[in-house]
Amino acid sequence: MKNAAILIATAISFSAAAAGQEAEKLPFIYTKWKQFTVKDGLPDDHIFAVKSDGNRIWVGTENGLALIDKQTSKVVKVWTEKDGLPWRAVTGIDVDPKTGDVWLALFGGGLARLSGGRFDHWHQLNSGLVNDVVYGVAVENDNVWAATTAGASRYNTVTGEWTIFTEKNAPMEEIWNYGVHYRDGKVHLAVWGSGVLEYDVKANRWKDYLDPDGEMEIDLYRDDGIVHVITTGANYVDNVLWVSSYFGVCRYDGRNWRAFYNMDSGLPSDFNNNLRARSGREAWFASDKGLGAIMDAETNTWVAYTRDPKSDTGKAVVTRDKTVLETVEMGLNLPHNFIISVDVDGRDVFVGTAKGLAWGIGESYYSGLRERPRMLAENKGGEK
Amino acid sequence: MKRLLVFLAFTALMASDAPKKPPAGEPLVPPGVEVDDHTLEVLRRINSVGPYEVPDIRLRRDTSYAKTPVDYEPFGKIKPYKEHFLEQMQYNGPGRAIPEPDDVNTVKIGFIGPIMSTVSIATGGASHEEPMGVKMLQGAKLAIEEANAKGGYLRRKIPFELVVTNDNGLWGSSGNEIVNFLYKNPVWAILGTIDSANSHIAIRVALKGEIVVMNTGDTDPTYIETNIPWTMRCIGDDRQMGYLMVDYMIRKMDYKRIAIIRSSNRYGRFGVREIRDSARRLGRPVVIEMAYKLGQDDYSLQIDRLAETHPDVIVHWGDAREAAIILKQIRERGMKQPFLTSDRAVAKEFVQLAGAHAEGVIAGYPWNPDAPNPRYAEFRERFRKRFNDEPDTYAAHAYDGMNMLIWAIQVAGLNRAKIRDILATRVKPWPGVTGDIPFSATLDDAGEVYLARFENNRWRYYSREDLEIPRGYVPPRERTARELLTQAETK
């Protein structure tokens with residue numbers, strides 16, 4: 001395994017100054033990380049999608065699908081086109097909680113299902129899939145939603161019925177779907193040029209979230225609505241909608257919007273490829289300059305994880321608003337700072353980068369903030 | 001011993017990721033490729049980084065987005081919280097460290113454009129852009145052929161190869177075509193497209209697959225308003241042409257009542273946006289905006305509604321055919337208002353269909369074919385010789401765009417990220433056959449745009465200065481860093 005297995009940076013020896021400090025409310029910091037690359041058996045280092053499901057980590061790459069077993073921390077199976085994977089580039093993954101079937105969004109190859117060791121394949125010419133460039137996939141009850149570059153498609157796995165959603169039957173000003181997510185009765189589509197669309201499954205009703213100022217080149221007011229009409233991801237957790245974009249990120253609690261930019265928060269960059277929300281207060285953003293986690297939305301407290309480009313070390317920077325509260329040096333955390341996908345599961349976090357996968361182990365994870373002293377000391381070595 | 005093995009393994013690992021440098025004594029750029037000191041320094045820096053580093057290269061920064069006059073700025077009486085597009089996007093991925101492959105016989109460049117007739121949902125029904133796409137392909141071909149006549153890809157002495165695909169198929173097929181360019185028949189960069197619905201689909205795929213798309217024919221302002229570091233354009237856009245047309249109509253001619261008729265597709269919808277918004281911001285809101293479906297023959301419904309508003313001037317945004325038919329039908333009912341239209345009317349089809357009504361029509365235009373530019377004169381001669389036909393705007397811009405890609409490949413080598421870097425960091429405007437092409441921070445063509453007027457059976461091209469069109473004040477500082485100006489100060 002590249003850079004060895006577990007890099008432990010928790011043995012932080014606090015400096016005298018730190019020891020003398022009073023405890024303050026601070027977020028959890030992931031200091032234990034594992035990395036996986038082609039050296040560990042991944043079919044490709046360019047990780048487009050990651051999905052944790054119980055003891056399994058599904059990894060979608062630019063050239064194949066991989067399965068990592070959490071117990072052994074090994075890549076136990078790889079599928080490329082030679083192994084029946086219908087198309088090489090896997091841009092989205094979801095797992096059906098009822099059947100265990102693995103659904104794959106294929107970048108230019110349609111939609112696939114891995115079930116019983118066999119791939120089933122749907123594309124423009126054999127199904128109601130609206131386009132073969134599928135960026136995201138989400139399982140909603142008996143339905144599977146595919147976010148494609150020319151609309152969204154919904155496939156009922158029981159009846160076999162397909163439904164296509166475009167500007168003709170949904171409030172899509174543009175049809176360039178990018179992300180899809182289902183939770184708590186609502187499907188959310190992140191659509192380039194159409195903000196976020198919310199589909200209420202029970203009510204069979206659409207609702208759109210657009211940038212109120214309607215202008216591409218400005219954000220008039222920070223908290224007036226969705227941050228930009230070009231969105232890349234939307235997650236709905238605890239009745240809170242989180243949105244990522246190439247123009248910053250935002251959060252909506254049903255009453256108030258709040259935008260976060262690099263200039264006013266710990267978000268590493270305004271260019272965000274995707275997100276994963278853990279709760280109404282915590283969400284993780286896949287930026288092009290590192291991994292940004294807002295750990296307590298109310299206080300705008302973030303942890304930004306980056307790797308040192310010149311060495312096998314990394315760091316976590318805790319900020320509140322734009323004030324740095326602590327910087328924790330650690331061993332290697334992320335294989336690369338260009339983050340493409342992220343997932344959270346239980347206490348752990350999984351990060352797909354442009355050059356490998358990271359698994360952050362949160363054995364002592366806690367939600368929100370807790371009183372603890374700052375981690376001022378450095379621990380560059382880590383354990384291999 | 002264990003430590004030594006770990007060290008050796010690490011060294012080997014790093015070596016495999018290490019960027020490939022030219023052997024000592026070999027020039028950084030092959031002889032015959034024009035390159036200035038700035039680009040050479042950029043090349044040194046991008047060649048020196050490994051997969052985890054981002055090169056230290058200066059990013060372009062503009063003080064104003066799209067040189068927007070202060071009185072055209074949206075929500076001008078409010079200081080916005082954030083402005084986008086002022087600082088150039090950087091590519092922060094590992095692509096620069098991918099070594100140039102050994103097993104290439106040709107250097108493939110992708111072409112995507114509307115070259116075959118189809119029925120397309122994206123473009124609003126039966127395809128209508130093939131005449132433009134075919135010209136675009138001819139311009140691109142000529143550039144490739146000329147580069148090959150000069151030795152092709154000079155580092156390896158192998159030819160360039162144009163990989164051609166159609167983009168106006170069903171179901172957003174431009175996305176699938178870009179995927180093919182990424183994986184099935186890989187190319188080093190892509191030139192295209194015209195229809196903006198297809199363009200947007202294409203650049204989203206290009207972003208994910210990390211490849212440059214040089215646009216030479218889509219004038220939709222939102223094309224580059226996407227923050228995609230891989231997207232660039234070498235043709236003036238509808239925002240710039242719209243600003244000039246509003247300056248002409250209001251600041252110069254003092255028209256009070258502007259009416260708009262446009263196609264209902266994305267080209268029409270987004271083409272008139274800056275005209276509509278800028279006119280409103282100058283206190284002359286457009287009196288009516290009528291949309292029509294492509295391919296109609298009878299526009300009486302729309303023209304009835306236009307006539308009811310007693311406009312001083314009529315602006316059309318759509319294709320040449322529709323521009324001509326609408327103009328004829330307007331004139332045939334005795335309406336004599338000045339007729340302004342989008343650049344697509346500057347075409348043989350418009351002149352043939354409009355006949356005598358074409359006289360006096362004004363169109364926004366992204367360049368000046370009448371400018372004393374020997375590069376264009378020579379290109380025109382070569383184009384005529386090669387294709388036995390006149391080049392048009394799509395041919396000329398495709399020729400420029402393809403030459404920019406070829407130049408960047410010659411300088412950067414066969415690495416998609418470096419090709420992007422070389423183009424994105426170019427400081428000097430590109431000396432094109434369509435004139436000088438300077439990039440803005442969004443990698444858009446920031447050069448001058450023009451008005452074309454049909455006079456005495458031909459189009460003549462006028463600059464802002466030629467027609468003495470007043471220009472609005474463009475503040476030298478970004479909006480978030482300056483105080484709001486009073487009404488008087490904006491004059």
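Letters A, B, ... mirror the listed sequences (proteins, then strands); counts begin at 1.
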K.L.:
Side chain from CB out, backbone as N, CA, C, O: work out which of these in B/Leu182 comes under 4.5 Å of a heavy atom of chain A, or both, or neither.
P.N.:
side chain
K.L.:
Less than 4.0 angstrom from a charged side-chain N to a carboxylate O is my criterion; do A/Glu62 and B/Lys208 meet it?
P.N.:
no
K.L.:
Looking at chain A, which one of B/Tyr65, B/Phe85, B/Tyr183 has the largest number of heavy-atom pairs inside 4.5 Å, strictly under?
P.N.:
B/Tyr183
K.L.:
When rounded to the nearest 0.5 angstrom, what is the spacing between NE2 in A/His336 and CG in B/Asn92?
P.N.:
8.5 Å
K.L.:
Among B/Leu86, B/Thr222, B/Leu207, B/Asp277, which residue forms the greatest number of heavy-atom pairs with chain A at distances under 4.5 Å?
P.N.:
B/Leu207
K.L.:
Could you tell me which of A/Glu174, A/Lys289, A/Lys310, A/His228 has the largest number of non-hydrogen atom pairs under 4.5 Å with chain B?
P.N.:
A/Glu174
K.L.:
Is chain B contacted by the side chain of A/Asp223, its backbone, both, or neither, given a heavy-atom distance below 4.5 Å?
P.N.:
neither
K.L.:
By a 4.5 Å heavy-atom criterion (distance strictly below it), what part of A/Thr353 contacts chain B: side chain, backbone, both, or neither?
P.N.:
neither
K.L.:
Check whether more than 12 heavy atoms from other residues, nucleotides or ligands sit under 6.0 Å from atom CZ of B/Arg61, and answer yes or no.
P.N.:
yes
K.L.:
Would you find more than 12 non-hydrogen atoms of other residues, nucleotides or ligands less than 6.0 Å from A/Lys322 atom NZ?
P.N.:
yes
K.L.:
Which atoms of B/Ile178 come close to chain A, meaning under 4.5 Å heavy atom to heavy atom: side chain ones, backbone ones, both, or neither?
P.N.:
neither
K.L.:
Please classify the contact between A/Phe271 and chain B as side chain, backbone, both or neither, with a heavy-atom cut-off of under 4.5 Å.
P.N.:
side chain
K.L.:
With a 4.5 Å heavy-atom cut-off, do B/Tyr81 and A/Ile218 have their side chains touching?
P.N.:
no
K.L.:
Considering only heavy atoms and a distance below 4.5 Å, find which of B/Arg479, B/Lys79, B/Glu210 pairs most often with chain A.
P.N.:
B/Glu210
K.L.:
Determine whether the aromatic ring centres of A/Trp192 and B/His200 lie less than 6.0 Å apart.
P.N.:
no
K.L.:
Counting heavy-atom pairs closer than 4.5 Å to chain A, which one of B/Glu83, B/Lys184, B/Glu225, B/Met89 comes out on top?
P.N.:
B/Glu225
K.L.:
If I measure from the heavy atoms of chain A, does B/Gln90 come under 4.5 Å with its side chain, its backbone, both, or neither?
P.N.:
backbone
K.L.:
Between A/Arg222 and B/Lys82, is there a donor-acceptor pair closer than 3.5 Å when you use the side chain of the first and the backbone of the second?
P.N.:
no
K.L.:
Please flag which part of A/Ala259 lies under 4.5 Å from any non-hydrogen atom of chain B: side chain, backbone, both or neither.
P.N.:
neither
K.L.:
Please classify the contact between A/Asp213 and chain B as side chain, backbone, both or neither, with a heavy-atom cut-off of under 4.5 Å.
P.N.:
both
K.L.:
Among the options A/Asp264, A/Asp224, A/Asp45, pick out the one with the most heavy-atom pairs lying under 4.5 Å from chain B.
P.N.:
A/Asp264
K.L.:
For side-chain contact (heavy atoms from CB on, under 4.5 Å), just list the numbers for B/Tyr91 and A/Asp288, CA-CA rounded to whole Å, side-chain angles, deciding distance to a tenth of an Å, and then say yes or no.
P.N.:
CA-CA 8 Å; B/Tyr91 163 63; A/Asp288 66 336; over 6 Å; no
K.L.:
Which atoms of A/Glu217 come close to chain B, meaning under 4.5 Å heavy atom to heavy atom: side chain ones, backbone ones, both, or neither?
P.N.:
both
K.L.:
Using non-hydrogen atoms only, which part of A/Leu220 is less than 4.5 Å away from chain B: side chain, backbone, both, or neither?
P.N.:
both
K.L.:
Need one label for A/Tyr261: side chain, backbone, both or neither, based on atoms under 4.5 Å from any heavy atom in chain B.
P.N.:
side chain
